[in-house]
Undergrad: 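Here's a structure for you.
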Number of protein chains: 4
Amino acid sequence: MRNKFKKKNTIILSALKLFSKKGFYNTTISEISKNMGVSVGNIYNYFPSKNSLAKASITFVAKKLATNLRYINNQNISSQEKVYMFVISYLNFLKEHPEMIDYFFRVYLSNREVFCKEEDCGFQLAKDFIDEIEILIDTGTENGEFKKQNFYVGFSCITGILGGITFLNGEKVLEDDLNIYARDLSTAICKALS
Amino acid sequence: MRNKFKKKNTIILSALKLFSKKGFYNTTISEISKNMGVSVGNIYNYFPSKNSLAKASITFVAKKLATNLRYINNQNISSQEKVYMFVISYLNFLKEHPEMIDYFFRVYLSNREVFCKEEDCGFQLAKDFIDEIEILIDTGTENGEFKKQNFYVGFSCITGILGGITFLNGEKVLEDDLNIYARDLSTAICKALS
Amino acid sequence: MRNKFKKKNTIILSALKLFSKKGFYNTTISEISKNMGVSVGNIYNYFPSKNSLAKASITFVAKKLATNLRYINNQNISSQEKVYMFVISYLNFLKEHPEMIDYFFRVYLSNREVFCKEEDCGFQLAKDFIDEIEILIDTGTENGEFKKQNFYVGFSCITGILGGITFLNGEKVLEDDLNIYARDLSTAICKALS
Amino acid sequence: MRNKFKKKNTIILSALKLFSKKGFYNTTISEISKNMGVSVGNIYNYFPSKNSLAKASITFVAKKLATNLRYINNQNISSQEKVYMFVISYLNFLKEHPEMIDYFFRVYLSNREVFCKEEDCGFQLAKDFIDEIEILIDTGTENGEFKKQNFYVGFSCITGILGGITFLNGEKVLEDDLNIYARDLSTAICKALS
DNA sequence: CATGAATGAGTGTTCATTCAT
DNA sequence: GATGAATGAACACTCATTCAT
């Protein structure tokens with residue numbers, strides 16, 4: 001039912017905020033429940049374990065990122081412009097929902113043991129997003145803006161460079177507003193891909 | 001005295017292996033001690049807490065990476081060649097000491113709460129390495145190989161792209177030997193910087 | 001709610017028994033929990049730390065003693081009779097709940113470091129009881145049975161003499177039933193106060 | 001040999017200071033050793049265990065108190081004057097060596113489990129002192145100053161009342177210098193005994 | 001569905017004691 | 001005798017998970 005779905009999302013949002021702020025292991029289920037005014041036990045009516053909640057959170061964020069990127073991919077513009085739009089969209093997302101991006105980079109990328117215990121292993125959780133990245137690269141390659149290249153290298157260029165600035169942002173060493181870096185970052189990505 | 005120093009390093013090495021394999025929170029002091037054939041209590045004669053051991057481990061790896069890069073920075077070659085040598089050196093390091101690089105990327109980049117409780121906060125722990133990255137970029141800028149650019153963007157290009165491939169390597173999705181990617185990666189980095 | 005209050009008392013009672021028998025530091029939370037058929041963790045749902053449990057235990061005993069003494073203070077009898085009644089009441093209490101009195105004298109009087117870490121420091125925990133002692137002395141002074149005297153000296157006479165016999169009782173050197181000493185002790189106290 | 005004896009005393013003095021300040025269980029052998037500039041292991045050349053050091057400390061203090069009291073007992077003065085002299089001597093001792101008296105009252109009286117594990121149980125450790133107390137009472141009884149009374153009650157009067165003021169002193173609630181209370185205390189003791 | 005008290009295995013850390021040097 | 005690194009059992013406290021209400 002619709003309600004169940006909404007409640008799951010509310011829980012994910014609450015978890016996301018805390019996971020990203022304090023890390024996965026320093027966030028307790030009890031805190032998540034208190035933060036959203038719900039009982040501990042009730043959370044277990046929606047997610048069978050803390051790990052499963054973490055996984056659902058990843059998928060949630062990945063889907064958001066994928067949706068954004070899919071929208072851009074569908075535009076009728078050059079690939080370079082798509083990259084730029086994606087960078088802008090990503091940085092805005094980072095500013096508006098730092099907890100989601102932080103979670104994506106901090107918790108997911110590095111608490112492998114949390115996400116890889118069973119079948120639907122780490123990489124798969126973000127599949128939607130990764131697929132859109134692939135589309136972005138392939139389209140650019142097909143129309144000649146990007147060179148033909150190994151997907152993994154291309155993937156590293158896009159997500160790595162954005163990941164780098166995300167890390168620096170999290171470390172609070174950036175002096176300027178994030179948007180300032182948008183042009184430089186997208187240029188760097190495009191050059192790396194071409 | 002010399003001995004105390006050596007013992008600390010032995011402990012760090014043991015910790016590094018386990019932290020990187022299982023994550024910081026899933027590694028117990030007892031495991032680290034068993035892994036190196038020493039008693040639990042004795043570890044506390046060298047490190048006052050698990051956190052401090054984690055910090056020392058970061059510094060240890062950062063120093064190794066910095067030493068490698070410093071050696072390259074001091075060569076009398078073009079900056080592009082330096083980047084290539086650094087990528088090669090990094091990938092080899094990753095192959096030979098996956099636990100160190102893994103630790104660097106997984107534990108450090110993401111368990112901020114572990115490293116940021118006091119003054120010598122996160123970013124500072126890797127200072128040596130970061131300084132060498134800055135030298136690499138600045139030298140290239142001075143000799144005209146790289147464009148004049150914001151340091152944070154340049155930093156993201158180098159460490160981000162390498163971080164990306166490291167992540168993929170950790171996820172075990174790469175089909176080929178790491179060295180295969182060396183040329184493409186260094187090319188991408190140089191383009192991104194220029 | 002009523003239940004929470006009752007449970008706290010049950011825990012205190014269990015703790016009291018063990019603390020007094022084995023001392024604060026030789027009693028583990030695990031023992032307390034086993035002794036009352038409850039899990040370790042559950043105790044922490046009621047008391048945030050072992051120290052806080054010790055403090056609550058002190059207050060619990062002090063309140064009991066205070067209640068006994070308040071009842072006597074409210075009687076319409078001479079102060080000498082009050083002292084006698086108090087001694088009787090105290091010795092009976094000591095016989096029936098040796099763990100409580102033992103705790104009061106052994107753990108409280110001497111594990112200062114446990115009780116004095118914060119604001120509600122040692123002396124304050126037994127405030128209720130001490131207040132009643134003051135009333136006992138003041139009343140006797142007002143009606144001329146006791147001389148006008150420094151409170152601290154008077155306090156030492158009452159609690160010190162009873163403390164002495166308590167100590168000897170704990171050392172198991174007393175040959176007779178405690179009640180045998182009641183008359184002599186109350187006489188000594190009254191003389192000391194007059 | 002003489003040296004061994006002296007060293008043992010030095011250790012006892014160091015232990016006494018720390019035991020009384022922080023309690024028996026919060027004082028580590030390592031602290032005692034550091035406090036006196038000696039290695040941990042070396043302490044074990046003089047005392048086979050922490051407990052035995054605590055016991056030796058008790059005997060040390062008891063002997064000091066006994067010596068003081070014995071000197072007074074041997075004077076050719078009334079028993080009331082003896083009590084007064086003893087109170088004065090005790091309060092001075094308390095002011096000059098608070099750690100010793102504190103230890104006697106706090107650690108000995110209440111960490112029974114430390115002192116009663118084997119044959120030379122608690123009470124016996126202070127035998128010298130207790131014997132002198134008995135002599136003080138008996139002499140007073142013989143010369144008619146004190147009434148004939150149960151030893152345990154008499155003992156409680158003397159040590160209890162002094163114990164009371166010691167406790168209050170330790171709690172830092174006394175507003176005046178200890179000596180102020182000497183006359184009142186000795187009067188109270190004498191009255192209680194007569 | 002919702003609650004939150006109860007469980008108990010698990011972890012970081014301490015510290016008396018030993019012993020090779 | 002003196003040293004202090006090494007040992008390892010022990011303990012306070014945490015927290016994911018369960019389940020009776």
Side-chain angles (χ1 to χ4, degrees), chain A residues 1 3-4 7 24-34 37-54 114, chain B residues 1 3-4 7-8 11 24-34 36-54, chain C residues 1 3-4 7-8 11 24-34 36-54, chain D residues 1 3-4 7 24-34 37-54 114:
Chain A
M1 66 198 66
N3 260 349
K4 182 139 187 168
K7 185 107 177 200
F24 177 77
Y25 289 103
N26 284 310
T27 302
T28 68
I29 293 289
S30 161
E31 282 172 315
I32 296 173
S33 77
K34 232 167 259 158
V38 141
S39 76
V40 175
N42 202 17
I43 288 187
Y44 281 85
N45 284 331
Y46 297 89
F47 297 96
S49 71
K50 192 184 176 188
N51 271 4
S52 75
L53 175 53
V114 175
Chain B
M1 72 198 55
N3 260 349
K4 187 132 189 170
K7 185 106 181 200
K8 282 185 95 164
I11 297 173
F24 176 76
Y25 289 104
N26 284 308
T27 303
T28 68
I29 292 288
S30 163
E31 281 171 317
I32 295 174
S33 77
K34 231 167 262 161
M36 63 179 291
V38 139
S39 73
V40 174
N42 201 19
I43 287 186
Y44 282 86
N45 284 334
Y46 296 89
F47 297 96
S49 70
K50 193 185 175 188
N51 270 4
S52 76
L53 175 53
Chain C
M1 70 200 56
N3 260 348
K4 187 132 188 170
K7 185 103 179 202
K8 281 185 96 164
I11 297 174
F24 176 77
Y25 289 104
N26 284 309
T27 302
T28 67
I29 292 289
S30 162
E31 282 171 316
I32 295 173
S33 76
K34 231 167 261 160
M36 61 178 293
V38 140
S39 73
V40 174
N42 201 19
I43 288 187
Y44 283 87
N45 283 334
Y46 297 90
F47 297 97
S49 71
K50 192 184 175 188
N51 270 4
S52 75
L53 175 52
Chain D
M1 67 197 61
N3 260 350
K4 181 139 189 169
K7 185 107 177 199
F24 177 77
Y25 289 104
N26 285 309
T27 302
T28 69
I29 293 288
S30 161
E31 281 172 316
I32 295 173
S33 77
K34 231 167 261 159
V38 140
S39 74
V40 175
N42 202 15
I43 287 186
Y44 281 85
N45 284 333
Y46 297 89
F47 297 96
S49 72
K50 192 185 176 188
N51 271 4
S52 75
L53 176 53
V114 174

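Every chain is numbered from 1, with letters handed out A, B, ... down the list of sequences. As a basis for the values below, the full set of heavy atoms in this structure was taken, side chains included, without hydrogen atoms, waters or symmetry mates. These numbers were taken from a predicted model, which means no experiment stands behind them.
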Undergrad: Measuring from the side chain of B/Lys7 (C-beta onward, heavy atoms only), which nucleotide among F/dA6, E/dT17, F/dT17 has the closest atom?
TA: F/dA6
Undergrad: Taking the minimum atom-to-atom distance to the side chain of A/Val40, which one of F/dC13, E/dG4, E/dT13 wins?
TA: E/dG4
Undergrad: Any side-chain N or O of D/Asn42 below 4.0 angstrom from OP1/OP2 of F/dG1?
TA: no
Undergrad: Roughly how many Å apart are F/dT21 and E/dC1, using the C1' atom of each and rounding to a whole number?
TA: 13 Å
Undergrad: Specify the separation, in whole Å, of atom CD of D/Glu31 and atom P of E/dT14.
TA: 12 Å
Undergrad: To the nearest 0.5 Å, what is the distance between OH (D/Tyr44) and OG (D/Ser52)?
TA: 8.5 Å
Undergrad: Is there a Watson-Crick or G-U wobble partner for F/dT21 with both distances under 3.5 Å, and which nucleotide is it?
TA: E/dA2
Undergrad: To the nearest Å, how far apart are C/Ile32 CD1 and F/dC11 P?
TA: 12 Å
Undergrad: More 5' along DNA chain E: C/Ile43 or B/Asn45, using each one's nearest nucleotide?
TA: C/Ile43
Undergrad: Roughly how many Å is it from CG in D/Asn26 to P in E/dC15, rounded to a whole number?
TA: 8 Å
Undergrad: Take atom CD1 of B/Ile11 and atom P of F/dT7, then tell me their distance rounded to the nearest Å.
TA: 11 Å
Undergrad: Would you say F/dA2 has OP1 or OP2 under 4.0 Å from some side-chain N or O of D/Tyr46?
TA: yes
Undergrad: Distance check, rounded to the nearest 0.5 Å: B/Ile32 atom CD1 versus B/Lys34 atom NZ?
TA: 12.0 Å
Undergrad: Rounded to the Å, how far apart are C/Lys34 NZ and F/dA12 C1'?
TA: 14 Å
Undergrad: Figure out the CZ/P separation between B/Phe47 and F/dA5, and round it to whole Å.
TA: 14 Å
Undergrad: Quick one: is F/dG1 close enough that its OP1 or OP2 comes under 4.0 Å of any side-chain N or O from D/Lys4?
TA: yes
Undergrad: Take the protein atom NZ of A/Lys50 and the nucleotide atom P of F/dT17, then report the distance between them rounded to whole Å.
TA: 8 Å
Undergrad: Show the numbers, then the answer: is there a side chain to side chain contact (heavy atoms under 4.5 Å, CB included) between D/Phe24 and D/Asn51?
TA: CA-CA 9 Å; D/Phe24 177 77; D/Asn51 271 4; 3.2 Å; yes
Undergrad: Looking at NZ of D/Lys50 and OG1 of D/Thr28, how far apart are the two atoms once the value is rounded to the nearest 0.5 Å?
TA: 7.0 Å
Undergrad: Nearest 0.5 Å, what's the CG-NZ distance between D/Asn42 and D/Lys7?
TA: 5.0 Å
Undergrad: Under a 3.5 Å cut-off for both contacts, is F/dA10 paired Watson-Crick or G-U wobble with anything, and if yes, with which nucleotide?
TA: E/dT13
Undergrad: Give A/Thr27 one of three labels, base, sugar-phosphate or nothing, depending on what nucleic acid heavy atoms sit under 4.0 Å from its own.
TA: sugar-phosphate
Undergrad: Select from B/Val38 and C/Gly41 the residue whose nearest nucleotide in DNA chain F is closer to the 5' end of that strand.
TA: B/Val38
Undergrad: Looking only at side-chain atoms of B/Ser39, point me to the closest of F/dA12, F/dA6, E/dT13.
TA: F/dA6
Undergrad: Rounded to the nearest 0.5 Å, how far does OH of A/Tyr25 lie from CG of B/Asn26?
TA: 3.5 Å
Undergrad: Of the listed nucleotides (E/dA16, F/dG1, F/dT17), which one gets closest to any side-chain atom of A/Tyr44?
TA: F/dT17
Undergrad: Could you tell me how far apart C/Asn3 (CG) and E/dG4 (C1') are, to the nearest whole angstrom?
TA: 13 Å
Undergrad: Base, sugar-phosphate, or nothing: which does D/Ser49 touch, judged by heavy atoms less than 4.0 Å apart?
TA: sugar-phosphate
Undergrad: Measuring from the side chain of D/Ile29 (C-beta onward, heavy atoms only), which nucleotide among E/dT17, F/dT3, E/dT3 has the closest atom?
TA: E/dT17
